[in-house]
Amino acid sequence: MAVVNQYKFVGIDNDTTNAELNPFGSGFPLVSETYVIKSILVTSAGTPSVTVTNNAITAIKTAALSANTTVELLTQPLIVEGGKTLTIKAGSADSFDFAVSYLNIKKEVTT
């Protein structure tokens, strides 16, 4: 079994919704993957509060953001294990964008 490390970036332009957003799509990371989140940047047009959950556990709960500013939510790396879900949600319907920089540690079967 080989381990492949991939550095990745994903950004989402969120238009006035307070739905739970998964930056990696549904089902990610896969069971054979682990994500090490290095950075979560949030830029808001309004003043929402932002909550980040890791496998339904609140990992980050911020105070209300200031309008038209960018804030780094992480002070330490955040691990998302395979088969778990990371979600980012605004407390109100304000528009906000977020960007996630992460390391994808992928276990590949080699023959």
Side-chain angles (χ1 to χ4, degrees):
M1 180 178 299
V3 175
V4 177
N5 293 336
Q6 299 173 323
Y7 295 94
K8 296 192 171 194
F9 171 86
V10 63
I12 292 186
D13 179 7
N14 178 40
D15 294 329
T16 63
T17 181
N18 61 337
E20 288 187 350
L21 301 169
N22 181 349
F24 311 115
S26 64
F28 288 99
L30 300 175
V31 173
S32 62
E33 299 175 327
T34 298
Y35 292 171
V36 179
I37 312 294
K38 173 66 177 139
S39 173
I40 301 176
L41 292 171
V42 177
T43 303
S44 62
T47 57
S49 60
V50 175
T51 302
V52 177
T53 57
N54 184 355
N55 196 31
I57 302 297
T58 300
I60 301 169
K61 186 160 186 113
T62 67
L65 301 174
S66 299
N68 301 315
T69 59
T70 300
V71 175
E72 171 60 60
L73 298 182
L74 290 181
T75 57
Q76 298 290 321
L78 178 66
I79 307 298
V80 181
E81 296 176 336
K84 309 299 183 199
T85 303
L86 178 79
T87 58
I88 300 172
K89 180 179 181 179
S92 62
D94 288 321
S95 174
F96 72 101
D97 300 340
F98 63 88
V100 179
S101 297
Y102 65 102
L103 169 63
N104 180 359
I105 302 170
K106 190 184 270 188
K107 299 174 202 153
E108 292 184 346
V109 176
T110 57
T111 56

Point to revise | Val71, Ile88, Leu65, Asp13 screened by side chain to side chain contact (heavy atoms under 4.5 Å, CB included) with Phe96, the one that passes | key: Ile88
Check your understanding: What residues, two or more places apart in sequence or in another chain, satisfy side chain to side chain donor-acceptor pair (under 3.5 Å) together with Thr51?
Key -> none
Check your understanding: Got a second to check how far Lys84's NZ is from Ile79's CD1, nearest 0.5 Å?
Key -> 14.0 Å
Review point. Counting only N and O atoms by type, is there a donor-acceptor contact under 3.5 Å from the side chain of Thr62 to the main-chain atoms of Val50?
Key: yes
**Study point:** Residues that Thr87 engages under side chain to side chain donor-acceptor pair (under 3.5 Å), provided they are two or more places apart
**Key:** Thr53
Exercise for review: Is it possible for you to say whether Leu41 and Leu86 belong to one hydrophobic cluster, with membership spreading through side-chain heavy-atom contacts below 4.5 Å?
Suggested key: no
Point to revise | Listed partners of Ser66 passing side chain to side chain donor-acceptor pair (under 3.5 Å), at least two apart | key: none
Check your understanding: Excluding sequence neighbours, so at least two apart, what forms side chain to side chain donor-acceptor pair (under 3.5 Å) with Glu72?
Key -> Ser39
Point to revise | Qualifying ring pair (Phe, Tyr, Trp, His ring centres under 6.0 Å) pairs, either residue in residues 56-75, two or more places apart | key: none
Point to revise | Reported OH-to-OH distance for the pair Tyr102 and Tyr7, which is rounded to 0.5 angstrom | key: 13.5 Å
Review point. Got a sec, which pairs hit ring pair (Phe, Tyr, Trp, His ring centres under 6.0 Å) with one end in residues 40-88, sequence neighbours left out?
Key: none
Practice item. Please answer: with hydrophobic residues joined when any side-chain heavy atoms are less than 4.5 Å apart, are Val10 and Val4 in the same cluster? Key: no
Check your understanding: How would you list, by chain and number, every residue that makes a side chain to side chain contact (heavy atoms under 4.5 Å, CB included) with Asn5, sequence neighbours excluded?
Key -> Val3, Leu103, Ile105
Review point. Is Gln76 atom CD crowded by more than 12 heavy atoms from other residues, nucleotides or ligands, each under 6.0 Å away?
Key: no
Practice item. Determine the minimum heavy-atom distance between Pro23 and Ile12, stating which atoms define it. Key: CA-CD1, 3.7 Å
Show which side-chain atoms of residues 29-37 pair as donor or acceptor with protein atoms under 3.5 Å away, not counting sequence neighbours.
| residue | atom | partner | partner atom | Å |
| --- | --- | --- | --- | --- |
| Glu33 | OE1 | Leu30 | N | 3.0 |
| Glu33 | OE1 | Tyr35 | OH | 3.4 |
| Glu33 | OE2 | Asn104 | ND2 | 3.3 |

